[in-house]
> 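This is the structure I have questions about; it appears just below.
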Amino acid sequence: MSVRVRFAPSPTGFLHIGGLRTALYNYLFARHHGGQFILRIEDTDQERTVPGAVENIIEMLSWAGLEFDEGPHVGGPYGPYVQSQRLELYRQQAQVLLERGAAYYAFDTPEELERMRARQRAAGVAPKYDRFSMRNSFTLPEDEVRRLLAEGAPAVVRLAVPLDRTVSFTDIIRGAITVSARDLDDQVLLKSDGFPTYHLANVVDDHFMRITHVIRGEEWIPSTPKHVLLYEAFGWEMPQFAHLPLLLNPDRSKLSKRHGDVAVEDFRRQGYFPEALVNFVALLGWNPTADRELFSLPELVASFELERVNRAAAIVDRAKLDWMNAQYLRMLPLERLARELQPWLREAGYPEYPLEYLQRVIALLRERVTRLPEILTFGDYMFAPPRHYDWEYLRKYWRPELPEWLRQLLGELESVEPFTAEIIGQRVRSFIEARGATLRAIVHPLRLILTGKSVGAGMFETMEVLGKSECLRRLHSFLEEQLPVLQAQLE
RNA sequence: GGCGCAUUCGUCUAGUGGUUAGGACACCGCCCUCUCAAGGCGGAAACAGGGGUUCGACUCCCCUAUGCGCUACCA
């Protein structure tokens with residue numbers, strides 16, 4: 001049978017990197033085995049559903065390069081892929097359970113349930129639905145149950161967990177997991193608003209959508225035995241389970257916004273490459289070899305093995321993501337980078353520049369930044385003349401003869417042809433040697449004048465990209481406007 | 001509290017009874033150098049603790065500790 005897996009988020013907010021990793025592992029597993037990767041929206045909680053969340057999830061996954069074979073946005077033979085559109089199916093299946101005695105009606109109000117829990121807390125016992133003291137099919141006479149239902153009294157359907165037995169399943173990543181049914185709650189399956197809970201909807205959908213492997217977060221381990229019970233009650237073949245280790249904040253707490261950005265969208269907005277983010281999260285909890293860090297999506301697909309997924313939770317380390325992104329920044333083709341830089345340039349309010357120029361700028365600066373848009377701040381002088389100068393830096397290299405040298409150098413540079421780093425370098429070197437000074441004595445002031453900064457790429461390379469006329473213009477205007485101010489300050 | 005899952009350098013990890021416990025990020029040092037990076041070379045850095053099993057445990061079993069998860073008419 002062909003592998004079919006699903007990513008089944010509930011649309012309660014933006015897709016975060018934990019969700020991205022779950023989706024990714026499902027995707028990798030499906031593609032590795034030539035199976036199907038399905039998106040299913042689990043919107044059974046009306047209260048928590050947020051508008052736009054589905055769109056965000058789909059958009060982010062698509063940005064990351066994960067394409068679905070079936071889902072609400074692409075259709076498929078087992079739809080609809082949104083749970084709120086499958087209510088009738090869940091109702092029918094709940095009925096099946098009811099008829100088989102695997103489930104029962106309960107009529108307790110929220111207040112009654114709260115009192116029950118309070119009693120249990122006071123008695124020091126684990127909070128758990130007490131089938132025999134509450135108002136349900138077990139305690140109420142049959143005709144009373146019928147009457148309540150006929151009256152339309154608020155009712156839920158609960159799972160009738162067997163009283164004394166053991167429930168176990170095999171997890172691909174963790175091996176055998178066994179729990180006592182005594183520790184399982186009579187979970188609500190169908191809520192009084194007619195919506196199913198996760199447990200019912202999930203099992204029913206996985207069955208009817210022919211899901212073969214359930215790959216999801218570790219937080220689902222405790223409810224899996226209930227799902228096992230449901231499969232048994234329905235008489236359905238069980239999928240295989242694989243529970244992924246959690247992703248954690250640096251302080252080992254569950255991943256959250258408090259510790260910085262966790263939404264995939266945040267990373268995109270900051271200019272991380274999808275390739276880098278995918279590569280990064282793929283290696284959080286799984287490693288194909290350990291002697292290599294950089295993998296393309298097809299390479300990940302080729303080597304992915306669920307059996308090799310780790311059991312322990314992983315802390316998200318931004319520094320490593322930064323390193324990885326910087327690696328991609330250095331190896332991605334310049335044509336693409338130039339194209340991607342354009343929107344950032346526009347956003348920052350800079351004029352349009354030819355792609356060819358952007359490529360040269362990126363080639364010059366990319367190994368000095370970690371994210372593409374940083375080119376705009378690190379190398380702002382490539383797009384506009386410097387407005388602020390690092391005066392401290394110039395002061396360090398100041399000498400009385402400097403103004404004169406600069407004037408002479410201006411004339412010297414005018415005759416440099418072609419204006420390439422090599423020729424510029426030769427001329428500047430011989431210029432400064434003739435005056436018995438070191439190269440740094442002139443390069444640093446020059447850098448300050450042309451870029452406004454103390455750091456940057458090689459000076460001569462920078463000048464070449466900037467172009468002769470721009471260099472001369474900046475040098476000239478510095479001598480005319482800034483230098484007198486500086487000299488006044490120095491005296 | 002109950003139940004469950006987990007535990008190799010600060011972090012991500014390799015390792016499946018015999019290794020000088022390997023790699024990567026971050027950190028430190030040196031080299032290169034017009035600055036900053038990048039790059040090269042080197043350094044520091046780990047098997048949670050205790051019992052077993054075994055000729056031999058990071059590897060297998062048990063206990064403890066710690067962390068995390070679940071304990072809803074949320075997923």
Side-chain angles (χ1 to χ4, degrees), chain A residues 8-12 42-45 47-49 106 108-110 113-114 117 120-121 124-129 154-158 171 173-174 177-180 182-185 187-199 201-202 216-225 243 245-246 248 250 252-254 280 283-294 308 310-324 326 330 365-370 378 393 397 425 428-429 432 438-444 446-448 451 453-460 462:
Chain A
S10 52
T12 54
E42 310 219 325
D43 60 342
T44 55
D45 187 344
E47 311 250 309
R48 295 208 315 154
T49 296
D108 316 285
T109 65
L113 290 169
E114 189 36 56
R117 289 189 196 102
Q120 291 167 333
R121 262 197 305 278
V125 298
K128 189 170 170 248
Y129 184 77
V156 300
V157 173
R158 283 182 182 271
D171 188 285
I173 295 169
R174 291 151 211 279
I177 295 177
T178 303
V179 299
S180 163
R182 278 194 301 274
D183 296 317
L184 263 26
D185 206 358
Q187 198 68 53
V188 169
L189 263 20
L190 205 58
K191 301 184 250 186
S192 56
D193 63 0
F195 277 71
T197 58
Y198 175 87
H199 310 284
N202 194 265
R216 82 235 292 193
E218 182 183 10
E219 69 271 25
W220 291 107
I221 290 178
S223 29
T224 304
H243 290 95
L246 259 24
L248 267 27
R252 307 208 67 87
S253 60
K254 197 175 172 181
F280 175 67
L283 266 31
L284 248 27
W286 170 73
N287 251 69
T289 50
D291 60 353
R292 216 183 122 188
E293 307 290 327
L294 269 19
R308 280 186 67 88
N310 290 143
R311 287 176 288 274
I315 292 172
V316 176
D317 176 21
R318 287 291 292 262
K320 185 124 181 190
L321 170 61
D322 281 341
W323 170 80
M324 216 171 248
R330 272 167 230 152
L365 301 176
R366 65 169 160 185
E367 63 183 35
R368 291 174 168 78
V369 297
T370 62
F378 185 84
Y393 182 54
Y397 290 95
V428 173
R429 271 177 223 278
I432 202 66
T438 58
L439 188 61
R440 54 207 313 149
I442 193 69
V443 160
H444 295 301
L446 211 44
R447 178 183 303 284
L448 188 275
T451 73
K453 299 189 172 183
S454 60
V455 300
M459 197 58 245
F460 309 133
T462 302

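Just so you know, these numbers use all the heavy atoms, side chains as well, and skip hydrogens, waters and symmetry mates. So that the names make sense, note that chain A is the first sequence line, chain B the second, and so on, each numbered from 1. Since we're looking at a predicted model, the values are computed, not measured.
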> What's the NZ-C1' distance between A:Lys254 and B:A75, to the nearest Å?
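My rounded result for the distance is 9 Å.
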> Measuring only the C1' atom in each nucleotide, how far is B:C73 from B:U64? A whole number of Å is fine.
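Per the computed distance, 40 Å lies between those C1' atoms.
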> So does A:Lys320 reach the base of B:A24 with its side chain, donor to acceptor, closer than 3.5 Å?
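Answer is yes: a donor-acceptor pair is held.
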> NA contact type, A:Ile177, heavy-atom cut-off 4.0 Å: base, sugar-phosphate, or nothing?
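Result for A:Ile177 = sugar-phosphate.
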> How would you label the contact of A:Ser454 with the nucleic acid (heavy atoms, under 4.0 Å): base, sugar-phosphate, or nothing?
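Counting heavy atoms under 4.0 Å across all strands, the contact made by A:Ser454 includes a base.
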> P atom, B:U35 versus B:G43: distance in rounded Å?
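Rounded to whole Å, the distance is 27 Å.
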> Expressed as a whole number of Å, how far does the P atom of B:U59 sit from that of B:G1?
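Between the two P atoms, the distance is 29 Å.
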> Any side-chain N or O of A:Ser10 below 4.0 angstrom from OP1/OP2 of B:C74?
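For B:C74, neither OP1 nor OP2 has a side-chain N or O of A:Ser10 closer than 4.0 Å.
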> Can you tell me if A:Arg330 touches the phosphate of B:A38, counting only side-chain N or O atoms and a distance under 4.0 Å to OP1 or OP2?
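For B:A38, OP1/OP2 do not have a side-chain N/O of A:Arg330 under 4.0 Å.
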> When the distance from CD1 of A:Ile315 to P of B:U7 is rounded to whole Å, what number comes out?
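Going from CD1 in A:Ile315 over to P in B:U7 covers 14 Å.
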> Could you state the atom-to-atom distance from CH2 of A:Trp286 to C1' of B:A14 in whole Å?
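About 14 Å, once rounded to whole Å.
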> From CG of A:Asn287 over to P of B:U16, roughly how many Å is that when rounded to an integer?
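Interatomic distance, CG of A:Asn287 to P of B:U16: 15 Å.
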> Whole-Å distance between B:G4 P and A:Arg174 CZ?
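The distance from CZ of A:Arg174 to P of B:G4 comes to 15 Å, rounded to the nearest Å.
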> With sugar-phosphate meaning primed atoms plus P, OP1 and OP2, does A:Ala457 contact a base, only sugar-phosphate, or nothing at under 4.0 Å between heavy atoms?
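Base: the residue A:Ala457, judged by heavy atoms under 4.0 Å, touches a nucleobase.
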> Assign A:Val188 to base, sugar-phosphate, or nothing according to its heavy-atom contacts below 4.0 angstrom with the strands shown.
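Here A:Val188 touches the backbone only, sparing every base.
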> If the cut-off is 4.0 Å, is A:Arg311 near the phosphate of B:G4, judged by side-chain N/O to OP1 or OP2?
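Checking B:G4 against A:Arg311, no side-chain N or O comes under 4.0 Å of OP1 or OP2.
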> Find the partner of B:C70: check Watson-Crick (N1-N3 plus N6-O4 or O6-N4) and G-U wobble (N1-O2, O6-N3) distances, both under 3.5 Å, and reply none if neither fits.
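Pairing partner, where one exists within any strand: B:G2.
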